[in-house]
Each structure stands twice: as structure tokens, then as C-alpha cells.
S.K.: 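My structure is below; once you've seen it, I'll send some questions.
Here is the naming used below: chain letters follow the sequence lines, and residue numbers restart at 1 for every chain.
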Amino acid sequence: MPELGKYAGAVLSSYAVSIALIVALVVVSVIQSRRAKAALNDVEKRSKRNG
Amino acid sequence: MIALLIRDLRLAVRAGGGFGLGLAFFLIVVVLVPFGVGPNSGLLSKIAPGILWVGALLACLLSLDRIFALDWEDGSLDLLATAPLPMEAIVSIKALAHWLTTGLPLVLAAPVFGLLLSLPEAGYQPLLISLLLGTPALSVIGTFGAALTVGLKRGGLLLSLLVLPLYVPTLIFGAEMARRGIEGLETTTPLMMLAGITCGAIALLPFASAAVLRVNLR
Amino acid sequence: MIALLIRDLRLAVRAGGGFGLGLAFFLIVVVLVPFGVGPNSGLLSKIAPGILWVGALLACLLSLDRIFALDWEDGSLDLLATAPLPMEAIVSIKALAHWLTTGLPLVLAAPVFGLLLSLPEAGYQPLLISLLLGTPALSVIGTFGAALTVGLKRGGLLLSLLVLPLYVPTLIFGAEMARRGIEGLETTTPLMMLAGITCGAIALLPFASAAVLRVNLR
Amino acid sequence: MGSIWEYANPRKFIATTDKLLPWVSALAVVALAGGLIWGFFFTPEDYRQGATVKIIYLHVPAALMAINAWMMMLVASLIWIVRRHHVSALAARAAAPIGATMTVIALITGAIWGQPMWGTWWEWDPRLTSFLILFLFYLGYMALWAAVEDDDTAADLTSVLCLVGSVFAILSRYAVNFWNQGLHQGASLSLDKQENVADVFYYPLLVSIAGFVLLFVALVFLRTQTEIRARRTRALLARERVS
Amino acid sequence: MELVVTDLSVARGGVPVLEGVAFTVRAGEALVLRGPNGSGKTTLLRTIAGLQPALAGHVGLEREAMAYAGHADGIKAVLSVRENLQFWADVFATGGIDPALAAFELEGLAERPAGGLSAGQKRRLGLARMVVTGRPVWVLDEPTVSLDAAAVGLFAQAVRAHLAGGGLALMATHIDLGLAEARVLDVAPFRAKAPALDDFDGAFL
Amino acid sequence: MELVVTDLSVARGGVPVLEGVAFTVRAGEALVLRGPNGSGKTTLLRTIAGLQPALAGHVGLEREAMAYAGHADGIKAVLSVRENLQFWADVFATGGIDPALAAFELEGLAERPAGGLSAGQKRRLGLARMVVTGRPVWVLDEPTVSLDAAAVGLFAQAVRAHLAGGGLALMATHIDLGLAEARVLDVAPFRAKAPALDDFDGAFL
Ligand code: HEM
Ligand SMILES: Nc1ncnc2c1ncn2[C@@H]1O[C@H](COP(=O)(O)OP(=O)(O)OP(=O)(O)O)[C@@H](O)[C@H]1O
Ligand SMILES: Nc1ncnc2c1ncn2[C@@H]1O[C@H](COP(=O)(O)OP(=O)(O)OP(=O)(O)O)[C@@H](O)[C@H]1O
Ligand SMILES: [Mg+2]
Ligand SMILES: [Mg+2]
């Protein structure tokens, strides 16, 4: 751990916030992608069955 | 009654509902003022509590006409009036829904917007308390104004003009309390006044609103 | 075309029309701000040009959704679209009508409201000129925003959000010009920029507005 | 290898990006982690700014991507208007939340940086102000996409908004620059120009920027796929209703 | 249960429209109002439903017994058909909405946003609302506008079920309601005559 | 003048509603569209009137030949009947409105604010607008809703006069139009079938 001195709060919080935001964005994108895949699969199977 | 509250909240958060309208307007005011008066942060921090209160009040004012107008236009209000709910309950629920969708978000957003206007640090706590105490009064008074003007085709103008003077005491005590907090003066008097106005409005105005709404519906 | 203009003006001045709505809102802002920031006239006179511009802009913003929404709701817009008028003409006429009923009254009322905010004497002329030059741009840009959101049920919130950033340059140059006038600095640059924005907006935006209106009507 | 317009076919797009996605994501993770770890642990402090200089590895790449994402949306919107390729409109839609997040990161890290450097969280400095305006543009753009029901209508409207918005964004940038002149001298205490940044800061910054770019590309691929699938799902549901 | 209207005078926009209207509707009966455009049917129904005050005369039941449906259906475009109906069921505290959905064949449309319905489908939703009110007196203004023949049949069936359950119904219409058994009242004879000129009292005329 | 519609497919809310619609209406003819609620009559009329794009197919005349009247009448409540009508006469540059007022017996109401009209009177005003457009093709969606028998007669007369003058008319309705001589087209057979499944290209289906 590097010595951050009196700016530790500032530096650490910017890293924390930014990484949290990026991770949130990625997680949301992945979840949405999974959901979209599942929903499409569902509908596609159903419509194949019904012709 | 709970069904009405839930429906109103649901309508507000659905696409095109009013939720966020007040907040967006608050944001607009807060962003535009520095563009107007210039970026000097000393000047900004001096007017910050006042602008925040005025912004919150305008945001409230603007969302008032949605309280009854939509239900009036599509006939729901006629139908509600014949429903087994006392008119006072309808009016109170509507005011509560308005506060939940407009007043409360404003209070929660105020600190962030305080940053943009370089609000001095000592100002946050009194500003928040004054907003939390004052916005319910704004909703209840506004509901009265909305009930007064509901039949009038696009009564928006009239509504603002009627409600404006009714809002002035709340604004004065609210902004005064935030300003005093910043300057380190005692804030008890404006606090008590604000609380008094809010309690009085909540206790009495629904009866007046219900009465005028009944008149407007016939 | 002239018939459309006359009808829009007539609708605006009839009971319940939008005429006066902008003006009233302007008045409300100007009256509330002193209550909010306190009655210190030195502070007021410093922020006066900015507040006047912000007030004018908010008044404009609020009346925008009437430009198309009413005609959309009662089906007139469908009928107009099939009428022998090019869409660009309809859009331009609507913007002109909006300016005549909102922008122009604001310009004329500004000196009076300047008094309320203790605007310094040197400020009147540059303020008036900047408003006269800038409000047409506000109307044209606003018409574009209104055309974008016309199909959306109560697109009011969206409309404000979309138009807000588009208004920023006009506001900055307008308020800056008034402020510089008060301080005795040269005002040519903001004046030229303001004139440029207005001319550009009038020349180009109607095409964009007509395009999005066509999309929205289908 | 045919013309690049082949990738405007949704099926082709999904197939290709499915192949590319693992590689791009892996590279993005490596570059991002590398740049940030290098910057955070293995760079010295600046003599003037102390440890706060480490914020640069987040702040500058995020700021760059915020602007670049908008540029990409502009190009995609133009392609939609001119050639009406659905994938391009959906890619613009997919990029907007990423750009908005980047703008938020730039704003927040900037605000945190400003506290020790300028003694204030927020200053109406031209650069910061134009970022706030950019954020508003993102918000409006996304809100418009969400508000319109019909997908093609939404694509048409948002692309016109993107075009007009770009013009006004540039205009605002000039306006803001002009506005803050003379009133606000010493506040813009940012580092000197890129050239003057010492190499110790420069190389990790480059890696970090590369990481952000790759992350952006990977996310655009993924989110565009999502949009395509969602749209096909809607179309199939509508089809069910017909039959 | 009986709706007795005696000597009722109604006004719109301050102008008397109908006067001396009197009729009785007993439980299990339906009364259809007819009359040319502008004769005052809408005004009369609104007065009886308690939405506006009468100039003179008396309506035998209070508004708590009535359910009113006018030209506007009170449908929220952003809520689904089910949500729209459920709301009214909750307000009137009458429980389930499935019978109402079934009565107007709305099951297939239940999850659709109401804004996307066709004119006739919207009207069916508006009428389904009457079923969930559970009120004994239905007051309907041109209920079958925009309905196709099949839907008119559904409507007639719903009204008959309501009447069979001891309810009563009052309707204005120009077109067929599918209710051959209903009594008809022409409002034209009740048209208000100009009041005597020198009757200058509290009513200013 | 002849309106030739060939192989037209129309959609609402992105969902195909009707497909392969084809018909011809010659000058002096009226065609009445019929079909159950939600079958797509409104959508078809809006497409033909040029208010929304067709999915496929072709409408033989451009929108400049058409005058459309939908469920909403485009009436401004605060303007008088005369002002409302005069506005449209000015927009379409067709001069006088007196024939239109006379055709729908609106002379007596001419100075009234349109907001105070009854449902049927409003509709008559909406129909009078068609006369002042001077357009050869009338496209009408449920024109006789809320009209009493006399007003339906006026409407039929106005349509006949329009046809006699070489115009043509296309109307959707569920109820009587008073036009026994008009040809009837049932839209139900044109109901859209689901498109082929794996046509997964630019249009996502
Ligand atoms: C909310 C606040 C802030 C925002 C929105 C913001 C935005 C930006 C933007 C747009 C850039 C340009 C990126 C580029 O084009 O290369 C940038 C770069 C930079 N900012 Fe900030 N900034 C903020 C606060 C700060 C603060 C407080 C500091 C430090 C005192 C700072 C230091 C820097 C540095 C060192 C660069 C890179 C140097 C350069 O490219 O010229 N920023 N920032
Ligand atoms: N503000 C007003 N001033 C004067 N007369 C009015 C006003 N508002 C409405 N009227 C008139 O009152 C009469 C009654 O209207 P009402 O809507 O009750 O008729 P209705 O029988 O329902 O007609 P319709 O069959 O066309 O629906 C109409 O002739 C109308 O023109
Ligand atoms: N957004 C949407 N998504 C899916 N279907 C929709 C949407 N909007 C409308 N529809 C459906 O499209 C169909 C066509 O409606 P349209 O209004 O054209 O019917 P119509 O023949 O005019 O019916 P009516 O006789 O009731 O007026 C209806 O079944 C309607 O439910
Ligand atoms: Mg009626
Ligand atoms: Mg229809």
C-alpha cells in the first residue's frame, strides 16, 4: 500500500467510486444480456412449436 | 384509499408520469442560475439557500396542476366522486401522493444541488430540516389551489397566481431558517413557525379543498 | 398560413389560453427571489440581470408544451398535417406565435420587473436588447423540443430536460451581455454571438422540427 | 470479407461479436487492471499535488471516453439516418448509458480532486461546466429512447436529437469558455499540458486509457447484442399477438 | 330499490335545458332516454348521478347508489387493462375483476396498456368498470358508441344480468342497445320553456 | 379521380393488423368499411389518409387529395363554431363556410363557443369541416357516432352532394350511415397472418 498522506481519503474514495460505477455498469449489462437471451429463447421456442 | 394512493404513485412513476418532473425542474433552476448570475462562487454561496428554496417551490408549483387535472380530463374524477370515499380522504391522499412524488425527492436532492451552488457547509443541516418541514405544507396548500381551479380549462396560470401568495409565508420562514443556520444565528423561531404552518395546513386545508372540489365537480 | 397564426394568437388570448402564463411565471420568479435571498438590495442588484434572464427562460420553457400538445390531443395536428401547408411552415408559424405570445411580452415586461429587483440603471438597455435578440432563439429551439416530444403522453418533463442544455448558450450570452452592460464593458461579442445563435436557429431548426414532427405524427 | 455493411445484419453482428467478445473483454480487464495498479501502487507523488495525482488515471480516461462515446453515437445516428441500418441505431442506444457513466465518473473524480486542490467540490469552471451539460445531453437522449414506444420512431427522433445536440454542445463549450473569462482566474489549477506530464505519470495513463477504450468496445458489443435480442423478442411477441 | 325522479329541472351552462322530468324505474327495470341532439340527455343523466345540482325537483336516491359512465371512460393510457379495472374494484371495495373481464371478453387484452386499445375495445373496458362498481343503479350515456354487433350483445347480456340481480339501469342513446324489453322515454316533451320575464328574483331572471 | 388501393398492409404499434387490402373507389362512389372492434379499420383509414406509413402496398392518391376525420374532431372549445370552421376554410383556402353551416344545420349555433355543444352537435361541426376542405376524397372514421336520426339524414345528404360533385368517400362504421347505396367492404378477411419465422434480418423478424 503506497503512502497517500493527507490525501488518502480523496484518492481512495475516487478509486472506490469509479470502480464501483464501472463494476455496476458491467454487472447490469451482463444481467440484461442474460435476461434478453433467456427471454428470446423462450419466445423463439414457443413460436417454433406453434409454427 | 390505499388503492388510490398506490394508483397515483404508479401513474406517477410510469412513463410520462409526473415523477421526476419536479426534480428535473429543480435541477434546471439550480443549473441555470449560475449561467445567469455568473460563476462567481462567493456571490453564488450567498444566494444559495434562497435559490434552493425558490427552486423547490417552483418545482412544487409546476407539478400542482397534475394533481387533479388528469383525472378530471379523462373523467376519472367524476367517477371517484361517486365512489365510496369521502372527498376529504381523496384530497388528502392526493396531497400525500404529491408530496411523495415531488416534495420528498426534492428534499433528498437538495444537498447535491447545494454543492452546485457552493452552499456553505453550515447550511446543509438547516436547509434540509426546513425543506423537510416546509414541503408538506407546499403540497397541501397546492392541493387546495388545484382543487379550486380544476374545472377551468388549463387553469395552470390561475393556479400559480392563486397559490403564489399562499406560499409566501412558508418560503420566507424556510429560507430565513436556512440563512440563519449559515450565519450561526438561532433558528428556533422560524423552525417553530414553519412547523406551525405545516401542521395547521395539514389539519385544516383538506376540508376546504374537499369543499371547493365538490363545488367544481357539479 | 396567416390563418394559422391568427388562430393560434386568438386561442392564446381567449380564456384559458396560454397568454399571460409566461408573464405570470416571470412575475412569480421575480417576486419570489427577493423573499428567498432576503431583501438586501445590493445583493439583489448584482443578481438582477441573471435572475431576469433565468426567469424569462423558465417562462418560455413552461409554455413550450402548449405549442403542439393541445393540437395533438384534439386531433387538429393530424388534420393540419393533411392540410395544404408544408410542415416547415406550420412549425415556423407555431414558433412565431409562441414568441408573440410569450417572448415579446416578456421583453416588454422586463423593465418593470427590473425595478423590483433594483436593476442598476445602466442595465436596462443591454438587458432589453439581449432579451429582444435572444427570446426568438428560445422560441425556435423550444419548438424543436416540443416537436420531438409531441406524441408522448405528457412529455412535459422530457421536454424540459431536452431543451435545457439547448438553451444554455443563449442564456450565457444573453445574461453576460446584460451584466457587461451594467459594468460598462464592451458588449459587442456577446451581442454578435446572440444574434448568430438566433439567426442560425431560425434558419436551420425549422427543418429539424418539421422532420421530427412528421416522424411523430405517423 | 465483404463490405462492412454486412455487419449491419443483426444475425451477422451477433455471430461476429460473439467471437470477438471474450478477447476484447479479456484485453480490457488486463489493460484496465494493469493501468490502474501501475498508477496506484507504482508511481511517485507529484511535487505540487501530492498523492492526488493518482486520480488522473481514472479522471482523464473517463473524461476522454465520455466525449468519445458521444462521437460514436453521432456517427451511428448519421448511419441510421442515411442508410437505415437497425444495428447502428441500436448501437447508439447501447452506448449512451456507458457514456453517461463515464461522464459521472469524470465528474465525481473531478469533484473529489477539486476539494483538496481548489478547496471546493464544485467550481463553475468551463471544463467542468461543459461536462455537466454533456451529462444533461446524455440524460435527455436516454430518456427520449425510453419514452418512445415504437423502436423505429425512437431511432429517428433520437438521431435527430443527437445531431442537433452535438451542434449545441459545441456551441455551449464556446459559450462557457467565454463566460468564465476574467471572472475566474486562479481556479483552473489543472496540471500542465499533456506534453509536460512526466513520463512516470504518462505511461500508466496511456495503459489506463487503452483499458477504458477496450472496456467501452466490449460493453458496446454486449449491450448492442442485448438490444438486438430485446428487439427481436418484441417483434416475436407482436407476431404471437397477430396469430 | 326504486329510482323515483319527480319534477326535475336541469340546466347546463346556466341555461335551463329540461324541466318537469318525472319517471320511476323499479328494480329489474331499464329505462332508455331518447331525444334529438342537444335535447339535454347528458345533462339529465349527470344531474341524476349527482354530478351537478338540479334547478328544481328531486331525485329519489342519493349518489352513493349510482354508477355513472359518460362519454369519457376514465381510462389511464399507461396502465394495463387489468390495472385500470383493478383500481376501480379496489376503490369500490368489490373484490375480483374476473367476472367483469369475462363479461366483456377482455381476458385476452388484460395485460395490454389501455392506450393501445381500439375505440371499441376502450369502450368495452369502460363498461366493464360498471360491473366492478357493484352499484345497484347504472347511469349510462351512449354506452354502445363504437361497439360492434357482438359487443352490443355482450353489453345487453351484462345489463340483463345486472337487472336480474335486482339492479336498475338508466341509459341515453341514439342507437340500438340490444335491449328490446327496455322502456323508452322521449325527453323532447320536457324541453324547458323560457321563464317568465319579470320573475326577477334570486335567480336573476 | 379514382382511389386505387393495392395490396396494402398496415400496422399499429409495430404489429401488422391488416394485409393485402385491395379495392378501388371511383368518383361518385362511397365505400363503407366494416369489421369487428379492433379489426383495424381506424389503422387502415389513417394509412390511406397518409397519417402513417404503410408496411407494404400502395395507395393510389397522395394525401393532398384527402380530407380525414377521425374519432377526435379537432374542435377548439374556446372558439365559436363559426371561428372553428372559418379557420379550416382559410387553411384549405376554400372561401365561404355558409354552405357547410347550412348542410349540418349549424346556423343557429354559429356564435356559440364550441366547448358548450352537446356530443352530437360537436360531431356535426366536425363533419361540416369536411365540406369546407374542398378535397375530393373524404376519409371518415365512424362519422355518425352520437348523431340522432335527423342528423344522420343530414350527413347522408352531405355525402350524396359530395359524390354528385365528383368526389368519393371512404368510411368506417358499425352503425347506420343512411347511405343504402354505398358499397360495403368487410375488412375481417384481410386480417394479418403471422409472418414467416426466421426471416431474421434488418427488420428483426
Ligand atoms: C467535476 C469536476 C471535473 C470535471 C468534469 C473535469 C473534466 C475534465 C475534462 C473534460 C478533461 C479533459 C480530458 C481531455 O480532453 O484530455 C479533464 C482533464 C484533466 N483534469 Fe479534470 N475535471 C474536473 C475536475 C478536475 C480537478 C479538480 C482537477 C485537478 C485539480 C482536474 C485535473 C485534470 C487533469 C490533470 C486533466 C488532464 C490534463 C489534460 O488533459 O489537460 N480535473 N478533466
Ligand atoms: N354553456 C352553455 N350555454 C348554453 N347552452 C349550453 C351550454 N352548454 C351546453 N349547452 C346546451 O345544452 C344542451 C344540452 O346538451 P346535452 O349535452 O345535455 O345534450 P344531449 O341530449 O346529451 O345531446 P347529444 O345527443 O348530442 O349528446 C345543448 O343544446 C347544448 O348546446
Ligand atoms: N401498441 C399496440 N400494440 C399492439 N396492438 C395494438 C397497439 N395499438 C393498437 N393495437 C391493436 O391494433 C388493432 C387495430 O386497432 P384499430 O383501432 O385500427 O381497430 P378498429 O377496427 O378501428 O376498431 P374499433 O371498431 O374498435 O374502432 C386493435 O386490435 C388494437 O388492439
Ligand atoms: Mg350527450
Ligand atoms: Mg376505430
S.K.: Taking every heavy-atom pair that is under 4.5 Å apart, which of B:V29, B:L58, B:L57 has the most such pairs with chain C?
M.R.: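 The candidate making the most pairs under 4.5 Å is B:L58.
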S.K.: For each of B:V54, B:I51, B:L32, tally heavy-atom pairs with chain C at distances under 4.5 Å, and name the one with the top tally.
M.R.: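 Looking at each of B:V54, B:I51, B:L32 in turn, B:L32 comes out on top.
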S.K.: Below 4.5 Å from any heavy atom of chain C, which atoms of B:L23 appear? Answer side chain, backbone, both or neither.
M.R.: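 No part of B:L23 comes within 4.5 Å of chain C.
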S.K.: I'd like to know if C:R180 and C:E176 make a salt bridge, using a cut-off of under 4.0 Å between side-chain N and carboxylate O.
M.R.: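 Looking at C:R180 and C:E176, the cut-off is met.
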S.K.: Between B:D71 and B:R7, is there a salt bridge with N-O shorter than 4.0 Å?
M.R.: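 Looking at B:R7 and B:D71, the cut-off is met.
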S.K.: Counting only heavy atoms closer than 4.5 Å, note whether C:Y167 contacts chain B via side chain, backbone, both or neither.
M.R.: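 Nothing of C:Y167, per the 4.5 Å heavy-atom cut-off to chain B.
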S.K.: Got a sec, which residues hit side chain to side chain donor-acceptor pair (under 3.5 Å) with B:T198, two or more places apart in sequence or on another chain?
M.R.: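 Counting only residues at least two positions away or on another chain, B:T198 forms no side chain to side chain donor-acceptor pair (under 3.5 Å).
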S.K.: Please determine whether the number of non-hydrogen atoms from other residues, nucleotides or ligands lying under 6.0 Å from atom CZ of C:F35 exceeds 12.
M.R.: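 No, CZ of C:F35 has 12 or fewer neighbouring heavy atoms, counting only those of other groups under 6.0 Å.
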S.K.: What part of C:L52 is in contact with chain B, defined as an atom under 4.5 angstrom from a non-hydrogen atom: side chain, backbone, both or neither?
M.R.: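 Neither part; nothing is under 4.5 Å.
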S.K.: Relative to chain C, which segment of B:L164 carries a heavy atom at a distance below 4.5 Å: side chain, backbone, both, or neither?
M.R.: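 The answer is the side chain of B:L164.
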S.K.: Give a yes or no answer on whether the side chain of C:E186 reaches the backbone of C:T188 with a donor-acceptor pair at less than 3.5 Å.
M.R.: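 Present.
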